[in-house]
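Naming convention: chains lettered A, B, ... in sequence-line order (proteins, then strands); numbering from 1 in each chain. Keep in mind that the numbers below use all heavy atoms, side chains included, and drop hydrogens, waters and symmetry copies. Keep in mind the model is a prediction, meaning the values are calculated, not measured.
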2 protein chains.
Amino acid sequence: MNKSIEKLITTTQALLWERGYVGTSPRAIQDRAGVGQGSMYHHFRTKAELAQAAEERSAAELIEEVRALLDAPGDPLDRVLTYLRRERDVLKGCRIGRLAADPEVVADPALRKPLEHAFGWITERLAALLREAQDCGRLPQEWDAQSLAATVLAVIQGGYVLARAANSPAPFEQAIEGLIALLTNNATAED
Amino acid sequence: MNKSIEKLITTTQALLWERGYVGTSPRAIQDRAGVGQGSMYHHFRTKAELAQAAEERSAAELIEEVRALLDAPGDPLDRVLTYLRRERDVLKGCRIGRLAADPEVVADPALRKPLEHAFGWITERLAALLREAQDCGRLPQEWDAQSLAATVLAVIQGGYVLARAANSPAPFEQAIEGLIALLTNNATAED
DNA sequence: GTCTATACCCGGATAGAC
DNA sequence: GTCTATCCGGGTATAGAC
């Protein structure tokens, strides 16, 4: 039915990922979507409104992808490691994290909310798994699972930053390997 | 002497930090610097040229600040921890890392170089300290210091991303505390 | 719903006077 | 060195016709 609406949203998702919020103009969206000016402004009153719809879709998609990985069967810590080693287009960065650089996104609650929601969800899910890993004796009980979950997500997000700065995926991969060493070679002497 | 040049560079540094490269216009620089159009284009032929000068200055300043912390006397691992706990305006993000989100910066070698240089320098310095910590027996010898250094820097950069997304310094602080737990509660049973 | 026209200011300069 | 004038296209819409 609403082919235009659909095309506008997916196109905006792609442009926000590539160029961020300030870097994405209504005209660029229209051109790439093949949708006219009048049509776009008929369905979305402002650029911010369309961006919000696109962000919400991207956040939902990211959550679904991560959920699929983290809900797999198997040892909890291994699932976290699988998530860390997941294949990624590193130099492209994170479709959600990228937007946190944009002051207009951070300043507008409606534009910031999808980021907060996606990262909040992922952190909670990781924390639950890390707690399970503690219960299995694979991680020390005295560690704070919530903090550790933030660390895991931060390594990924920071890895993207370092990779783009170096124009190479290498720093991302090193950061991940360093974290895996920290998580797997620890004082589980309790068992 | 060249008060104008100086004012243009420091103003551009501030605007790049706040708004990134695409988000910073020559006009905004001129207005905030109190320098006219003609003057600005007399000293810098393009926006990119001025941005490059500003980036180089910011990279040098960041390196100096980190050097001061990491060259302090004392135990090597403790110096890394001090660096991690350093006071920061978390929601402002990193003046260098922020620019890695910008596709125009990543695509232009002259604009990307200061980022690569700053992060490369910090990673090397951290790796050297972590190697010292291994020699002191405070970290397992089998860990790769280079990877670990990338992890440390990634946690900081990723922490900024999570904090801005949440509009709160909390995730940054959690990520740091999680990393400190990982670095200090490890299998140093070898000694 | 979609199209075209119009508007107004900004981005990123260039040219030439002072 | 700095100022003012000028330029051309893009950003972000709004208005009204079809």
Seminar exercise, completed: Between CZ of A:Arg27 and P of C:dC10 the distance, given in whole Å, is 16 Å

Exercise. So do the side chains of A:Lys92 and A:Arg98 get within less than 4.5 Å of each other, counting heavy atoms only?
Worked result: no

Exercise. Is there a side-chain contact between A:Asn2 and A:His43 (heavy atoms, below 4.5 Å)?
Worked result: yes

Problem set entry | Qualifying ring-ring contact (aromatic ring centres under 6.0 Å, His included) pairs, either residue in residues 67-95 of chain B, two or more places apart | none

For this session: Check the distance between C:dG12's C1' and B:Ile29's CD1 and give it to me in whole angstrom.
Result: 11 Å

Exercise. If each of A:Pro26 and A:Gly38 is mapped to the nucleotide of DNA chain D with the nearest heavy atom, which maps nearer the 5' terminus, i.e. the 5' end?
Worked result: A:Pro26

I'd like a table of donor-acceptor pairs (distance under 3.5 Å, sequence neighbours excluded) in which one partner is a side-chain atom from residues 149-159 of chain B, with atom names and distances.
unit_1   : atom_1 : unit_2   : atom_2 : d
B:Thr151 : OG1    : A:Ala175 : O      : 2.8
B:Thr151 : OG1    : A:Leu179 : N      : 3.3
B:Thr151 : OG1    : B:Ser147 : O      : 3.0

Problem set entry | ILVMFWY clustering at 4.5 Å (side-chain atoms), partners of A:Ile5 | A:Leu8, A:Ile9, A:Leu15, A:Ile29, A:Val35, A:Met40, A:Tyr41, A:Phe44, A:Leu50

For this session: For B:Glu132, check side-chain hydrogen bond (donor to acceptor under 3.5 Å, both in side chains) against everything at least two apart and list the hits.
Result: none

For this session: Report yes if the side chains of A:Thr123 and B:Pro171 come closer than 4.5 Å at any heavy-atom pair, otherwise no.
Result: no

Exercise. Contact class for B:Gly36 vs. all strands (heavy atom < 4.0 Å): base, sugar-phosphate, or nothing?
Worked result: sugar-phosphate

Problem set entry | Nucleic acid contacts of residues 40-50 of chain A, taken as heavy-atom distances under 4.0 Å to DNA chain C | A:His42, A:His43

Considering only distance and modelled atom types, tabulate donor-acceptor pairs under 3.5 Å from the side chains of residues 65-75 of chain A, sequence neighbours left out.
unit_1  : atom_1 : unit_2   : atom_2 : d
A:Glu65 : OE1    : A:Arg86  : NH2    : 2.6
A:Glu65 : OE1    : A:Arg95  : NH2    : 3.0
A:Glu65 : OE2    : A:Arg95  : NH1    : 3.4
A:Glu65 : OE2    : A:Arg95  : NH2    : 3.3
A:Arg67 : NE     : A:Glu64  : OE1    : 3.4
A:Arg67 : NE     : A:Glu64  : OE2    : 2.9
A:Arg67 : NH2    : A:Glu64  : OE2    : 3.1
A:Asp71 : OD1    : A:Arg125 : NE     : 3.0
A:Asp71 : OD1    : A:Arg125 : NH2    : 2.9
A:Asp75 : OD2    : A:Leu77  : N      : 3.0
A:Asp75 : OD2    : A:Asp78  : N      : 2.9
A:Asp75 : OD2    : A:Arg138 : NH1    : 2.8

Problem set entry | Contact residues, residues 98-109 of chain B to DNA chain C [heavy atom, < 4.0 Å] | none

Exercise. According to a 4.5 Å side-chain heavy-atom criterion applied to Ile, Leu, Val, Met, Phe, Trp and Tyr, with indirect links allowed, do B:Leu16 and A:Val22 form part of one hydrophobic cluster?
Worked result: no

Seminar exercise, completed: In short, side chain to side chain donor-acceptor pair (under 3.5 Å) pairs touching residues 100-113 of chain B with sequence neighbours left out are B:Arg112-B:Glu116

For this session: Sort and list the pairs that fulfil ring-ring contact (aromatic ring centres under 6.0 Å, His included) and have at least one residue in residues 153-181 of chain A, not counting sequence neighbours.
Result: A:Tyr160-A:Phe172

Exercise. Can you give the first and last nucleotides of DNA chain D, 5' to 3', that have an atom under 4.0 Å from a heavy atom of chain B?
Worked result: D:dG1 to D:dT4

For this session: May I ask you to check whether A:Glu61 and A:Gln13 show a side-chain donor-acceptor distance below 3.5 Å?
Result: yes

Exercise. If you look only at pairs with a residue in residues 20-37 of chain A, which of them pass as a side chain to side chain donor-acceptor pair (under 3.5 Å), with sequence neighbours excluded?
Worked result: A:Glu18-A:Arg32, A:Gln30-A:Gln37

For this session: Enumerate the residues from residues 12-24 of chain A whose closest heavy atom to DNA chain D is under 4.0 Å, giving them by residue number; use none for an empty result.
Result: A:Thr24

